[in-house]
Structures are given as C-alpha cells and as structure tokens.
Amino acid sequence: MADRYQQFVESAPGRFVAKRFGMPQPTPLRRYEPGQPVLAGPALVGGAPGGRLLEPVAAVLRAIHAEVHVTQQDHVQTAFDAPVATVWSPAGEEGAEFAAILFDASSIARSEELRALYDFFHPVIRRVQPAGRLLVLGAPPEHCQDPRQATAQRALEGFTRSVGKELKRGATVQLVYVAPGAEAGVESTLRFLLSAKSAYVDAQVVRVSPGEAAAPADWERPLEGKVALVTGASRGIGKAIALTLARDGAQVVCLDVPQQGDDLAEVANEVGGSALQLDITTDDAPQALAEQLRERHGGVDVVVHNAGVTRDKTLGRMDEELWDAVLAVNLTSQERLNDALLAEDVLRPGGRLVSVSSTSGIAGNAGQTNYATSKAGVIGMVQSMAPALAARGCTINAVAPGFIETRMTAAMPTLTREAGRRMNSMAQGGQPVDVAETIAWLASPGSGGVNGNVVRVCGQSLLGA
Ligand code: NAD
C-alpha cells in the first residue's frame with residue numbers, strides 16, 4: 001500500500017509543511033541492487049587501544065574495496081597499514097562525510113574508558129552520509145569474567161540505541177558483540193550491516209560466536225547449490241524471501257496451503273523453484289515434508305518458517321478456535337517441522353533454520369494475546385535450540401519484523417496504521433524485502449557464528465526493547 005504521507009513530504013510544499021510543524025520527515029531508504037558496492041562512500045575507523053577487532057574489520061574493508069580513513073591513534077594505523085589508509089583528523093577534512101563509521105570497543109574494561117566513545121563519535125557524528133552506517137563492536141558481556149568489564153560492555157547498548165534515535169536521513173547504527181575466537185567469522189555480518197541490505201534494521205544488538213562460518217566463493221551468490229524451503233511463500237513477506245534466496249543462488253521450495261495454489265505456482269515459476277501445497281498444521285505434515293525434501297532434493301540447507309496468521313480479539317472476546325489456530329500455525333507447526341527435519345537428518349550439515357517472529361512477541365500488543373504468545377514462543381524456541389544446532393554445525397535464528405507494508409498491515413484501521421508507520425526511527429514502514437534480506441544474511445554459509453539471535457527488522461520501532 002502506498003505511503004501517501006511519505007509521498008507528500010517528498011514534494012516541495014510537503015517538505016515545507018513538515019519542517020514548519022515539526023512533523024516526521026521519512027527519507028527514502030537506499031536498498032540493495034545486484035552489483036551495488038557494499039559501501040556508497042568512504043569509511044572511518046577508530047578503536048579503543050588493545051581491541052582485538054580492528055584487524056578483522058580491516059580485512060573485511062579490504063575485501064569490499066572500501067576507501068578507509070583511520071584516526072590518528074598508532075594502534076589503529078598499524079591495524080590498517082597506514083599510509084595505505086588515509087589518516088583523518090576532525091580539523092583537517094572540512095565537509096568530509098562518511099558512508100560508514102566503525103569503532104572497536106572490545107577492549108573497554110571499565111566505565112571510565114567509555115569516554116573513548118564520546119571522543120571518537122562526537123566530532124564525526126554529524127558527518128554521516130544519508131543511509132550511512134555506524135557500527136560499534138564489543139565483547140559479549142556474558143563472556144566477561146570481570147564485572148567491571150561486563151558493565152562497561154553492556155553500557156554500549158545504551159549508547160548505540162540512543163545514537164539510533166538521533167541519526168537522520170536513513171542512517172543506522174548497530175552493536176556487534178564478537179565473542180573471543182569468533183573474530184574470523186564476522187565478514188558476512190559486517191557486509192550485511194554495512195550494506196543497503198540492512199535498510200530497515202536499526203539499533204540492533206547482534207552476537208557473533210565461534211561457529212563454522214564458511215565464506216562463500218561468491219558473495220553475490222552465497223546460496224549457490226543450496227536448497228531452501230520457505231513456508232507461506234505465495235505472497236507478502238514469504239514471496240519476497242523466496243525471491244531473495246533465489247537471487248542469492250538457492251533452489252527454492254515454495255510451500256503454502258492448497259487454497260493459495262495459483263499464487264504459489266506463480267512464485268515458484270518466478271524463482272525457478274518448486275511449489276509444495278501443504279497445510280503445515282495437519283498431523284502428517286512434518287512427515288510429508290521430510291519425505292518430499294529427502295526424496296526430491298536429497299535434504300534441505302535452509303528452512304524459513306514464515307507462514308503465519310493473525311486472529312485478533314481481546315482476550316475476553318476471543319473464541320478458543322482463534323487461540324488454537326494462531327498457536328498451531330505460528331508456533332507448534334514450527335516445532336513439529338523442526339523435530340522431523342532434525343530427527344531424520346533432512347537438514348544437512350551447515351543447515352540454517354530461520355523463524356519469523358514479530359515485535360508483538362517482544363512488546364505485546366492489545367488484541368493479540370494469541371499472536372504475541374506464539375511469536376514470543378518462537379523466540380524461546382530459537383534461543384533454547386541454538387546450542388543443539390551449534391553442536392550439529394547448524395544455526396537457528398529469528399527475525400522480528402515491526403511494521404512491514406503488506407496486505408496484513410494494509411487491512412489495519414487508518415490511525416493504527418499511521419502510528420505503526422511513523423513510530424520508529426525511520427518514520428516509515430519497512431518493505432517485505434527488508435525482512436527477506438535479513439533472512440538471507442542469516443541463511444548464508446558465512447553466518448555460522450550467528451546463532452540464537454533475534455534480530456528486529458523494525459526501523460528501531462518505539463514498541464518494545
Ligand atoms: P501473509 O498473510 O501475507 O502471508 C502468510 C502466508 O502464510 C500466507 O500465504 C498463508 O497462506 C500462509 N499460511 C498460513 N497458514 C498456513 C498453513 N497452515 N500452512 C501453510 N501456509 C500457511 O502475511 P505476511 O504479512 O507476509 O507475514 C509473513 C510472516 O511475517 C508471518 O509469520 C507474520 O506473522 C510475520 N509478520 C508480519 C508483519 C507485517 O507487518 N506484515 C509484522 C511482523 C511479523
């Protein structure tokens with residue numbers, strides 16, 4: 001559905017009115033197109049002394065052919081092999097703007113040292129390009145032995161979440177906690193968060209742990225040779241996921257209920273994949289799916305649990321059928337399908353399970369006790385299964401979309417819809433492709449260290465954490 005308000009404020013009179021009355025001014029977001037460079041301009045890098053992440057960051061920036069500027073500190077220049085990188089000083093480069101600003105905070109071990117954040121970001125925060133990317137890299141607090149260090153690392157969250165609310169013009173900020181030993185596995189995460197693929201992901205905390213992260217031979221087609229199953233693929237977000245995974249090289253099995261057969265066949269055709277008509281809540285669905293994937297495809301590498309329904313009513317007015325239907329599709333079917341795919345080793349080594357949750361599952365929502373229960377359950381499933389998946393060399397993660405422009409949100413009452421669109425740092429709704437790109441990152445063979453994460457695709461919605 002067209003966002004008429006956004007179209008209005010993009011016109012000259014609309015811009016004038018919005019500015020005059022302090023109304024939200026959403027910036028059109030930069031989105032990924034094949035062949036687009038990861039960064040649209042130079043990167044600036046700094047770090048607290050003694051950090052262990054400057055070298056991995058340098059390697060990624062070299063791999064994406066970024067123009068790198070570094071601070072005047074010796075340890076940063078050494079990691080970046082200055083004089084190859086340009087040394088930056090706030091006074092020296094009047095008017096310079098950066099497409100990315102990265103800071104290694106992994107060595108910060110006491111609250112007093114948090115001052116390094118201020119010293120680095122204060123002179124450059126107003127030099128972020130439109131759709132620019134800020135990244136702070138730290139050490140997971142739960143891995144810090146010393147309470148002082150854990151405290152200082154945890155403090156980074158408050159910093160990044162506030163910066164996210166200050167940034168304008170489609171720029172985003174993220175905090176990436178990298179566990180000791182996981183340094184070599186950060187490339188796929190940094191590529192995603194720096195690129196236009198993460199357009200509607202803002203102020204998130206991503207954890208990278210040691211895992212089997214196999215860098216793809218071709219970063220433009222990381223899923224080449226992989227088989228991916230997408231449930232609820234006939235329309236909306238599921239269709240965007242099927243298209244995006246196919247673009248990345250996967251052979252996509254598109255699943256939906258028989259009633260959606262025609263649309264499903266169209267999507268399967270478009271992605272050069274296959275269509276599977278199946279109601280995932282039926283008793284024999286897990287077995288039927290496992291057999292189909294084993295016999296037709298020899299197994300599956302990526303499973304995206306996207307199928308979902310809403311049946312909204314306040315609890316006192318909710319019939320039991322509404323409760324049961326939502327729990328069955330959104331949560332229990334995911335558990336049953338996972339059990340079958342894992343018990344029979346249909347999920348191949350290096351497999352990726354990705355579930356679609358919702359910000360309603362994090363924050364709760366009036367009229368959605370059934371839906372939010374199911375979506376919070378998905379988060380519980382992902383977090384509780386992550387260790388077992390890691391032991392098999394696989395991962396399981398969730399994405400939690402906020403307000404995404406689909407038929408579901410087009411059907412909302414006007415006021416609720418407008419509030420959903422504007423109450424986030426981007427002042428606009430996300431697109432199905434924003435969810436799909438996030439899933440494609442989690443599905444990549446390079447993302448083996450990203451396990452048990454819940455990543456919101458919500459433009460830093462004011463709802464929830
Ligand atoms: P949608 O209704 O357009 O698509 C959902 C698909 O799931 C449909 O094609 C439907 O036929 C399929 N499906 C439903 N029950 C099924 C079953 N029993 N077996 C097989 N397939 C089944 O919705 P959407 O907006 O594209 O949402 C996709 C996912 O994203 C859902 O899980 C939804 O809860 C979640 N989500 C959406 C938003 C949003 O703003 N649109 C926000 C948060 C989360």
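Whatever order the structure lists them in is the order used to number ligands and atoms, beginning at 1.
When all heavy atoms of Q383 and P387 are compared, the pair lying nearest together is O-CD, 3.7 Å.
Atoms of ligand 1 lying under 4.0 Å from at least one heavy atom of Y371, given by number and element, are 33 (C), 34 (O), 35 (C), 36 (N), 43 (C), 44 (C). Shown in contact with S358 at under 4.0 Å from a heavy atom are these atoms of ligand 1, numbered in order with element: 43 (C), 44 (C). Each of the following atoms of ligand 1 lies closer than 4.0 Å to a heavy atom of D279: 17 (C), 18 (N), 19 (N). For ligand 1, the atoms closer than 4.0 angstrom to any heavy atom of I237 are 26 (O), 27 (O), 28 (C), 30 (O), 37 (C), 41 (N). For ligand 1, the atoms sitting less than 4.0 Å from at least one non-hydrogen atom of G236 are 26 (O), numbered in the order shown with element in parentheses. Near Q260, meaning under 4.0 Å from any of its heavy atoms, are these atoms of ligand 1: 11 (O). Under a 4.0 Å criterion applied to the non-hydrogen atoms of T406, ligand 1 contributes the atoms 25 (O), 41 (N). Here is the list of ligand 1 atoms found below 4.0 Å of a heavy atom in V309: 14 (C), 15 (N).
The proximity of I280 to ligand 1, defined as any non-hydrogen pair under 4.0 Å, involves the side chain as well as the backbone. The backbone and the side chain of I404 each have at least one atom closer than 4.0 Å to an atom of ligand 1 (non-hydrogen atoms only).
Residue S357 places a heavy atom under 4.0 Å from ligand 1. By the 4.0 Å heavy-atom criterion, R235 is counted among the residues contacting ligand 1. At least one heavy atom of G402 sits closer than 4.0 Å to an atom of ligand 1. Under a 4.0 Å heavy-atom criterion, K375 is in contact with ligand 1. Ligand 1 is approached by L278 to a heavy-atom distance shorter than 4.0 Å. Within the 4.0 Å heavy-atom cutoff, V356 counts among the residues contacting ligand 1.
Atom 22 (C) of ligand 1 has as its closest protein heavy atom A307 CB, 3.6 Å. Here the heavy atom of the protein found nearest to atom 6 (C) of ligand 1 is G232 CA, 3.7 Å. Among protein heavy atoms, atom 31 (C) of ligand 1 sits closest to N306 O, 3.2 Å. At the top of the distance list for atom 43 (C) of ligand 1, counting protein heavy atoms only, stands P401 O, 3.4 Å. Scanning all protein heavy atoms for the shortest distance to atom 8 (C) of ligand 1 gives D256 OD2, 3.7 Å. Shortest contact from atom 5 (C) of ligand 1 to any protein heavy atom: G308 O, 3.7 Å. Ranking protein heavy atoms by distance to atom 38 (C) of ligand 1, first place goes to M408 CE, 3.6 Å. For atom 16 (C) of ligand 1, the closest non-hydrogen atom of the protein is V257 CG1, 3.7 Å.
Using a 4.5 Å cut-off on side-chain heavy atoms (C-beta onward), Q277 and V257 make no contact. Under the 4.5 Å side-chain criterion, counting only non-hydrogen atoms from C-beta, P432 is not in contact with K239. Under the 4.5 Å side-chain criterion, counting only non-hydrogen atoms from C-beta, V201 is in contact with V455.
Sequence neighbours left out, the pairs with a member in residues 431-454 that pass ring pair (Phe, Tyr, Trp, His ring centres under 6.0 Å) are F192-W441.
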Inset, instruction - Please report the C-alpha distance between L137 and S106 in whole Å, then the side-chain angles of each, then the deciding distance to 0.1 Å, and finally whether the side chain to side chain contact (heavy atoms under 4.5 Å, CB included) criterion is met. - result: CA-CA 6 Å; L137 297 108; S106 62; 5.9 Å; no
Inset, instruction - Give the intermediate values and the outcome of side chain to side chain contact (heavy atoms under 4.5 Å, CB included) for residues L442 and V450. - result: CA-CA 7 Å; L442 296 168; V450 187; 3.7 Å; yes
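Considering backbone and side-chain atoms alike, V329 places every N or O at 3.5 Å or more from each N or O of ligand 1. No N or O atom of T281 sits closer than 3.5 Å to an N or O atom of ligand 1. Between S234 and ligand 1, an N or O atom pair is found at a separation short of 3.5 Å. Considering backbone and side-chain N/O atoms, T359 never comes within less than 3.5 Å of an N/O atom of ligand 1.
Under 4.0 Å is where a charged nitrogen must lie from a carboxylate oxygen, and between E291 and R294 no such pair does. At a threshold of 4.0 Å, the pair D248-R221 does not count as salt-bridged, since none of the basic side-chain nitrogens sits closer than that to a carboxylate oxygen. Salt-bridge formation is not detected for the pair R31/E437: no Lys NZ or Arg NE/NH1/NH2 atom is positioned less than 4.0 Å from an Asp or Glu carboxylate oxygen. Salt bridge R311/D319: absent, no basic N to carboxylate O contact under 4.0 Å. In this structure, R392 does not pair ionically with E212, as no charged nitrogen and carboxylate oxygen lie closer than 4.0 Å.
Looking only at atom types and distance, the side chain of D312 has a donor-acceptor partner in the side chain of Q368 under 3.5 Å away.
Within 6.0 Å of atom CZ in R247, more than 12 heavy atoms from other residues, nucleotides or ligands are found, so the atom counts as buried in its surroundings.
Among M412, M408, M423, the single residue meeting the side chain to side chain contact (heavy atoms under 4.5 Å, CB included) criterion with F403 is M412. Partner of H305 under the side chain to side chain donor-acceptor pair (under 3.5 Å) criterion, out of N330, N338, T231: N338 alone.
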